[in-house]
Amino acid sequence: MLIPTPLTPLWLEVSPEGVRLLEPALFPRGREAEGALALRVRERVLAYFAGERPDFLDIPLDYTGLPPVRVALYERVCRIPYGRTESYGALARELGLSPRAVGAGLRVSPFFLLVPAHRVVHADGRLGGFAGQEGLKAWLLRFEGAWP
């Protein structure tokens, strides 16, 4: 399912366990998401971009095949509130990882926006990477009022 947003369309795929993939994409690349979960994700993403500040904590994510350390990272990043940021280093210390491991795990996250990786920045305020899409990260942080 393509979900239109002010940034770019997002491609959504779901499984019986939850969201399998939500990523920026101009063209469909897999099986079309359908059903109640897909409609709920679409509604919540549209509400987010309408400025309604929803969180996505009640949206189930399909972690099938992911290592436990990445699941723990994603679960923790999901709890960073709207309009706030946390540093790679602080998350690394909390989770017993290196800052590079935090960045690497977030870079390959299949859950754009649902796991708000855009809210993780360097301790000095620099944005850091965003899987080659730093412009999206800056836009999202500005939209949330978390970055100048």
Side-chain angles (χ1 to χ4, degrees), residues 1-88 90-91 95 99-122 124-148:
M1 167 185 290
L2 277 175
I3 302 172
T5 77
L7 287 171
T8 184
L10 301 180
W11 179 250
L12 172 66
E13 295 179 18
V14 298
S15 74
E17 287 77 33
V19 172
R20 197 170 74 75
L21 178 74
L22 183 66
E23 69 178 10
L26 296 176
F27 304 103
R29 61 178 221 130
R31 188 166 176 259
E32 180 79 15
E34 53 188 33
L37 176 59
L39 294 175
R40 191 167 91 205
V41 171
R42 182 182 192 282
E43 175 183 297
R44 297 294 290 288
V45 167
L46 295 176
Y48 170 87
F49 284 107
E52 296 177 19
R53 298 184 183 189
D55 65 50
F56 301 99
L57 294 173
D58 64 331
I59 302 290
L61 303 177
D62 182 350
Y63 293 127
T64 302
L66 296 181
V69 68
R70 282 202 22 224
V71 173
L73 172 62
Y74 295 163
E75 290 288 317
R76 174 59 183 85
V77 170
C78 283
R79 295 191 318 268
I80 301 173
Y82 181 99
R84 304 282 307 271
T85 61
E86 293 193 27
S87 74
Y88 293 100
L91 289 172
L95 296 168
R100 286 186 187 267
V102 169
L106 294 176
R107 185 177 312 109
V108 296
S109 171
F111 310 113
F112 180 79
L113 203 60
L114 305 178
V115 172
H118 63 280
R119 297 179 188 153
V120 181
V121 298
H122 288 280
D124 64 7
R126 288 179 296 128
L127 289 183
F130 199 59
Q133 299 183 44
E134 289 76 16
L136 290 180
K137 183 173 189 171
W139 192 99
L140 289 166
L141 288 174
R142 283 188 189 111
F143 178 75
E144 293 185 8
W147 199 65

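Heavy-atom basis, side chains included; hydrogens, waters and symmetry copies ignored. Residue indices begin at 1 and follow the sequence shown.
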Here the gap from Asp55 atom CG to Arg79 atom CZ, rounded to the nearest 0.5 Å, amounts to 12.5 Å

From Arg107 CZ over to Arg100 CZ, what is the distance, rounded to the nearest 0.5 angstrom? 9.0 Å

Gap between atom OG of Ser109 and atom CZ of Arg70 - 0.5 Å precision: 7.5 Å

Member of Leu61, Val45, Val115 meeting the side-chain contact (heavy atoms from CB on, under 4.5 Å) criterion with Leu22: Val45

Could you pull out the closest heavy-atom pair between Glu17 and Pro60, with the gap in Å? O-CB, 3.7 Å

Please determine whether side chain to side chain contact (heavy atoms under 4.5 Å, CB included) holds for the pair Trp147 and Thr85, giving the CA-CA distance in whole Å, both sets of side-chain angles, and the decisive distance to 0.1 Å. CA-CA 9 Å; Trp147 199 65; Thr85 61; over 6 Å; no

Contact check, side chains of Leu127 and Lys137, non-hydrogen atoms, under 4.5 Å: yes

Any side-chain heavy atom of Cys78 within less than 4.5 Å of one from Leu114? no

Side chains of Phe56 and Val19 in contact at under 4.5 Å (non-hydrogen atoms): no

Using a 6.0 Å cut-off, check whether atom CZ of Arg119 has over 12 heavy atoms from anything other than its own residue. yes

Within this structure, what is the CG-OH distance for the pair Leu106 and Tyr74, rounded to the nearest 0.5 Å? 6.5 Å

Quick one: do Arg76 and Leu91 satisfy side chain to side chain contact (heavy atoms under 4.5 Å, CB included)? Show the steps, please. CA-CA 8 Å; Arg76 174 59 183 85; Leu91 289 172; 3.7 Å; yes

Between Asp58 and Arg44, is there a side-chain N and carboxylate O pair less than 4.0 Å apart? yes

Smallest separation among heavy atoms of Pro9 and Leu2, with atom names: CB-CD2, 3.9 Å

Do Val121 and Leu141 pass the side chain to side chain contact (heavy atoms under 4.5 Å, CB included) test, and can you show the C-alpha distance, the side-chain angles, and the key distance before you say yes or no? CA-CA 10 Å; Val121 298; Leu141 288 174; 4.0 Å; yes

With side chains defined as the heavy atoms from C-beta onward, is the minimum distance between Met1 and Leu39 less than 4.5 Å? yes

Could you check whether any side-chain heavy atom of Val102 comes within less than 4.5 Å of a side-chain heavy atom of Val77, counting everything from C-beta outward? no

Would you say the side chain of Val71 lies within less than 4.5 Å of the side chain of Leu73, judging by non-hydrogen atoms? no

Mind listing the closest non-hydrogen atom pair of Gly128 and Glu134 along with its distance? O-CG, 3.5 Å

Could you grab the distance from atom CD of Glu52 to atom CD of Glu43, nearest 0.5 Å is fine? 9.0 Å

Minimum heavy-atom separation for Pro4 to Arg42, with atom names? CD-NH2, 4.2 Å

For Leu95 versus Ala72, what's the shortest heavy-atom pair and its separation? CD2-O, 4.3 Å

Non-neighbouring partners of Tyr63 that pass ring pair (Phe, Tyr, Trp, His ring centres under 6.0 Å), sequence neighbours left out: Phe111

Checking Tyr48 against Glu144: is there a side-chain donor and acceptor pair closer than 3.5 Å? yes

Nearest non-hydrogen partners of Phe112 and Pro24, listed with the distance: CG-CD, 3.8 Å

Interatomic distance, Thr8 atom OG1 to Trp139 atom CH2 [nearest 0.5 angstrom]: 11.5 Å

If you apply the rule side chain to side chain contact (heavy atoms under 4.5 Å, CB included), what do you find for Ile59 with Arg40, and how did you get there? CA-CA 8 Å; Ile59 302 290; Arg40 191 167 91 205; 3.5 Å; yes

